[in-house]
Each structure stands twice: as structure tokens, then as C-alpha cells.
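To start, the structure under review is shown below, and the notes come after it.
Ligands are counted one by one from 1 in listed order, and the atoms in each one are counted from 1 as well. What you are looking at is a predicted structure, and each value in this text was computed from that prediction instead of being measured.
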Amino acid sequence: MFIISNGKMLIKDQFSTRNLLIDEGKIIAIEENLIETGSKLVDRVDASGHLVLPGGVDVHTHFDLPMFGTVSSDDHYTGTRAAAFGGTTTVIDFVPMSPPDDIKGEAEVFHRSVTTWQEKARKAAIDYAFHMNLTRYDAEIEAQIPDLLEMGITSLKVFTAYNNRLRLDDGSIFKALRLAGQHGLLVMAHCEDGDVIDLLTMEALQAGHITPEWHARTRPAWGAVAASLKMITLAAQADAPLYLVHMNTAGEVDMLEYARKNKVKVMGETCPQYLFFTEDVLRRADGAKWVCSPPMRQRQDNERLWQGLEKEGLQVVATDHCPFFFDGTREINYEGQPVKIPGKELGAINFSLIPNGLPGVGDRLPILWTFGVGTGRLTARQFVDLNCTNPARIFGLYPQKGALQVGSDADIVLWNPEKKVDYGVAVAKHRTDYNLYEGWELTGFPEKVYLRGELIVDGDSWLGKAGQGRFLKRLPGAEII
Ligand code: URP
Ligand code: ZN
Ligand code: ZN
């Protein structure tokens with residue numbers, strides 16, 4: 001049992017001094033006045049000068065994910081450690097579908113896929129849940145969708161791009177939405193136009209265009225808008241909830257707002273990279289660092305996404321953390337060990353071979369605080385809602401996660417709003433050789449991070465452990481907000 005005293009907690013929209021009593025990993029009391037514990041000797045952590053925030057909930061990560069002939073460079077330990085240093089204490093990671101088995105075919109495909117991911121995630125240092133990618137669809141697979149509920153997985157991701165790999169046809173997506181709706185599952189959608197992308201990519205390569213900017217030029221924003229609208233119309237017809245991941249264009253925000261106004265049960269997420277960068281970064285000599293799908297867009301898209309956050313048209317900020325090394329031929333030192341993992345250099349002479357994805361899980365809260373709250377674009381309440389509470393509500397983790405309430409897990413960040421940080425790869429703890437926000441001056445940073453009452457980050461010190469994270473089984477029928 002211990003007390004966190006004299007920190008400022010968000011009460012409705014204002015910060016007020018509160019004392020929190022923590023026992024067995026839970027918050028058991030929140031008091032305005034000093035908490036009396038009688039004769040019992042209880043440790044006190046003085047949080048004066050700090051904000052007491054709920055741990056961040058990042059519902060979009062890809063740890064240890066094989067793709068593009070390599071693997072995303074953070075595994076479930078290094079990625080969750082980096083998350084914790086950035087104030088995030090819960091992640092939801094995507095499980096890819098295992099290939100059909102030689103003997104059993106598609107039998108038990110979700111069980112096999114989830115077992116593989118549970119093995120990998122065993123070393124997570126913060127709490128975690130899973131989404132299931134739905135990248136093949138037939139009657140046999142359909143019949144197994146309810147199995148996911150037993151495994152505590154209540155969300156499925158579908159793709160309208162990556163033809164012949166991850167994409168489902170519209171009819172299958174409709175069937176999946178309808179079934180998901182009946183079972184209280186949430187379908188998440190990656191929205192791009194797979195047909196146009198494939199054609200433009202082939203034409204670009206034939207014309208000898210090999211540089212990273214062609215990644216964006218072959219994935220037009222209108223394709224994302226059209227695919228978002230298509231997904232929305234399918235969800236409306238299936239009367240099922242929908243969640244749009246990594247929204248990146250102004251038109252998508254318009255579609256989302258239109259659909260919500262018309263009572264379609266759709267919610268949307270964007271990621272910090274889409275708020276700050278444009279496709280111009282791809283023309284830099286190190287442009288491959290920013291290659292992800294969907295790609296960076298234009299300044300007006302950044303602006304419209306910000307408006308979406310400010311006006312509550314968008315519900316969630318997540319990261320789509322899927323890091324690769326910029327130069328995977330060179331070792332870095334990670335926790336005293338040399339590491340090198342093939343990365344962006346794999347696409348040095350062909351943009352379509354650059355591994356798609358970026359680091360971000362540890363960056364989200366500090367970046368959004370400085371450039372959202374610090375600039376007055378977001379209130380502190382919006383910051384907490386977008387990064388902690390809303391994701392927990394939408395994905396069935398609230399109020400255990402994403403909130404500081406009596407009975408919630410004691411996942412607590414003591415946030416120093418005055419702390420100045422010269423941010424970059426040396427500060428962020430991702431297992432990669434670069435950071436998107438290199439040299440950015442931040443004001444406000446997590447100073448102490450608790451996971452279920454255990455101090456796991458204390459300034460620069462890592463006190464967490466591999467395997468300390470627990471798998472969070474989720475129940476169906478989570479909130480639609
Ligand atoms: O480029 C990205 N975003 N890679 C991760 C996979 C995805 O589509 O979210
Ligand atoms: Zn995606
Ligand atoms: Zn993703």
C-alpha cells in the first residue's frame with residue numbers, strides 16, 4: 001500500500017490537488033485531503049509539481065511483425081519498454097493470421113495465430129491485448145470468428161489494400177461486419193485503394209521511379225477517402241460498428257463526420273505522424289524513414305486532422321508503431337547489447353520494397369502534450385480522452401485502464417509539465433536507429449510511470465521487467481462513442 005500525495009489530477013476539466021491510495025495494484029481511494037491510514041505505516045510519494053495522469057493506452061502497435069523480408073525492430077519487450085518511458089502502460093497489438101496449415105488447412109486458424117502471438121508477447125513489460133487481422137475469408141474461417149471471444153479478442157482488422165496479401169473483397173468485408181456486429185466485435189479498417197496502388201506502383205517502377213517520394217505518389221489520398229466511405233457504407237448496411245485506423249487525409253475526416261452525423265456507428269483514429277509531416281519529408285535524403293502506409297499527405301490534411309481532434313470529430317490518437325532501422329547494416333546498442341535488423345535500406349533501389357512503418361509508441365504522449373496542449377490546440381482533458389480514456393472505452397478496457405478512478409488499475413503517470421527535453425533517438429527508447437522528431441524541443445514529460453502500482457520508470461531509470469505485462473482479455477459489446 002502507498003500514497004501518491006499532492007499531485008494535480010484532472011477533475012472534469014480542471015486540475016485539482018488529490019491524494020491517491022494504492023493497494024494491490026489498484027487505486028482504492030482518491031481524496032482531496034491527506035489520506036489517514038491510522039497507525040499503519042504507508043509509503044508516500046510526493047507528487048507536488050506533477051500532474052497525475054492515467055497511463056496511455058495505445059491501441060495500434062505492431063511488435064515483432066515479420067514483413068518486407070525483415071521484422072519490425074521492436075519486439076514485445078523493447079516496444080513495451082519504450083512505450084512505458086513515454087507514459088503508455090497498455091497496448092493493443094495486431095495478430096497476423098497464420099498461413100493455412102499443410103494438414104489441417106484453415107482449421108483452428110485463429111487459435112494457431114493467437115498462440116504464436118502469445119508466445120512472442122510473453123515478454124511484454126506492460127499490459128497488452130490483441131486485435132486479430134482478418135486477411136482471408138471463407139465459410140471455415142467465418143465459423144471460427146466466435147472463437148476469438150473465448151480468447152478475449154474483440155476486434156478485427158480488415159484491409160482494402162495490399163491486394164493478394166491482406167485485402168478482402170467488399171462482400172467478405174460486409175459479411176465480416178455483419179457477423180462482428182452480431183457478436184459485439186468491432187471491425188477496424190485500413191482504408192486505401194489497393195487496385196489503384198498496384199497499378200500506379202507498377203507504372204512508376206517501369207518508368208524508373210525508385211525513390212521514397214513515389215511511395216506517396218502511388219498511394220493517392222482520394223483512394224483513402226473512397227475506401228473510408230466504402231467501409232462506412234458497408235458498416236451502415238451491416239448495422240455494425242466500425243473503427244477507421246490511421247486516418248491521414250482531410251477527406252477521411254469529412255467522411256467520418258458525415259457518417260457520424262447520419263448515425264453510422266463509426267469512430268476514427270489518427271496518429272501523430274499524420275499531424276506533423278507532409279509528403280515533402282519523403283524527398284529528403286533520409287526520406288525512407290517516413291515511409292509508412294498510408295503515407296504522409298499535405299499541410300491541409302495535417303490541419304484538418306488537428307481540427308478533427310479539437311472538435312472531437314476524431315476519437316483516438318494511436319501510433320501504428322511499426323519501426324524498422326533506417327540503416328539495418330549498422331549496429332546500435334540497446335540495453336548494452338549490439339543489435340542490427342535489416343530495415344529501410346532494403347528498398348534503396350525500389351521504393352516498393354522499403355519496409356512500411358515508423359517508430360512512435362514512446363513519442364505519442366510527449367509530442368501531443370507539447371504541440372497539442374502546450375500550444376493550446378488541445379485541452380488537457382482532450383489529451384487524456386484521446387490518448388487514454390477513449391481508446392480504453394472503445395476497446396473494452398475501461399475503467400480498468402484509461403482512467404484514474406477508485407477500482408481502476410494503478411497505471412499512473414507523474415507528468416512534469418515543466419520538464420524541457422531535447423527529444424530524439426537518444427531519449428526515446430525504441431529499438432531503432434532514428435526518431436521522427438529528432439531535435440524537437442519538448443516541454444512536459446513523464447517522470448514516474450507505475451504499472452498496477454509498480455514503479456517501472458523513474459526518470460531515466462528502467463525498473464520494469466520483461467514478462468511483467470499481463471494479457472488483457474476483453475469482453476464483447478464495448479462502447480460506441
Ligand atoms: O506502414 C504501416 N503502417 N505498417 C503497419 C501496417 C499497417 O497497415 O498498419
Ligand atoms: Zn493499416
Ligand atoms: Zn498498423
Side-chain angles (χ1 to χ4, degrees), residues 58-75 79 83 91-97 117 128-135 155-163 165-168 173 186-194 197 201 212 214-216 218-219 221 223-224 227-228 230-231 242-249 252 268-275 277 279 281-282 287-297 316-326 343-344 346-347 351-361 363-364 391 395 430 432 434 436:
D58 187 346
V59 295
H60 195 150
T61 65
H62 302 278
F63 299 133
D64 205 358
L65 177 65
M67 69 195 290
F68 287 83
T70 181
V71 62
S72 59
S73 62
D74 265 321
D75 63 21
V91 288
I92 311 188
D93 200 48
F94 287 85
V95 179
M97 263 175 105
W117 230 249
Y128 60 97
F130 292 152
H131 310 290
M132 187 72 223
N133 279 357
L134 188 64
T135 51
S155 39
L156 292 158
K157 183 179 179 191
V158 299
F159 296 78
T160 63
Y162 302 110
N163 291 6
R165 264 191 321 128
L166 306 177
R167 181 178 181 174
L168 296 184
I173 291 178
L186 178 61
V187 171
M188 312 163 77
H190 174 123
C191 298
E192 291 187 283
D193 188 330
I197 290 168
T201 303
W214 286 89
H215 177 74
T218 54
R219 308 182 86 94
S228 298
K230 166 66 80 177
M231 280 303 311
L242 173 68
Y243 177 92
L244 302 179
V245 295
H246 45 50
M247 290 174 62
N248 53 96
T249 72
E252 284 179 303
E269 151 201 299
T270 190
C271 313
Q273 57 270 26
Y274 299 119
L275 297 169
F277 300 107
E279 63 174 58
V281 287
L282 299 175
K289 289 177 179 172
W290 280 268
V291 167
C292 66
S293 295
M296 306 298 134
R297 304 295 187 186
V316 172
V317 178
T319 63
D320 196 6
H321 177 82
C322 187
F324 296 94
F325 277 50
F326 174 59
K344 303 279 185 180
L346 295 173
F351 70 87
S352 74
L353 302 180
I354 301 171
N356 287 196
L358 317 170
V361 74
D363 306 330
R364 179 181 63 141
F395 290 97
H430 306 129
T432 184
Y434 76 98
L436 299 181

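- Stacking of R219 on the aromatic ring of F351 is not recorded, the 6.0 Å distance cut-off and the 45° axial limit not both being met.
- The backbone N or O of L65 sits less than 3.5 Å from a side-chain atom of S72, completing a donor-acceptor pair.
- Between H246 and H60, the angle of the ring planes lies from 30° to 60°, which puts this pair in the tilted group.
- When the options M67, H60, K157 are ranked by their closest heavy atom to atom 7 (C) of ligand 1, first place goes to K157.
- Protein heavy atom in closest approach to atom 1 (O) of ligand 1: S293 N, 2.8 Å.
- Listed by number with element, the atoms of ligand 1 under 4.0 Å from a non-hydrogen atom of H62 are 5 (C), 6 (C), 7 (C), 9 (O).
- Residue D320 touches ligand 1 through its side chain alone, judged by heavy-atom distances below 4.0 Å.
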Under the side-chain contact (heavy atoms from CB on, under 4.5 Å) criterion, do H215 and S293 qualify, and how do the steps go?
CA-CA 9 Å; H215 177 74; S293 295; 3.2 Å; yes

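- Residue H246 has at least one heavy-atom neighbour below 4.0 Å for each of these atoms of ligand 1: 8 (O), 9 (O).
- Atom 4 (N) of ligand 1 has its closest protein heavy atom at N356 O, 3.2 Å.
- When you scan the N, O or S atoms of D320 for the one nearest the Zn ion (ligand 3), you land on OD1.
- Distance check for H62 against the Zn ion (ligand 3): an N/O/S atom falls below 2.8 Å.
- At the top of the distance list for atom 8 (O) of ligand 1, counting protein heavy atoms only, stands H190 ND1, 3.0 Å.
- Interface of C292 with ligand 1, defined as ligand atoms under 4.0 Å from a residue heavy atom, comprises 1 (O).
- Residues E269 and P391 form no side-chain contact, since every pair of their non-hydrogen atoms from C-beta on lies 4.5 Å or further apart.
- Looking only at its N/O/S atoms, H190 has ND1 as the one nearest to the Zn ion (ligand 2).
- Ring geometry, Y128 versus F130: the interplanar angle falls from 30° to 60°, so the pair is classed tilted.
- Using a cut-off of 2.8 Å, one finds that K157 contributes an N/O/S atom close to the Zn ion (ligand 2).
- Annotation: cation-pi pair K289/F326 present, NZ/CZ under 6.0 Å from the ring centroid and within 45° of its normal.
- Judged by the 6.0 Å distance and 45° axis criteria, K157 is positioned over the aromatic ring of F94.
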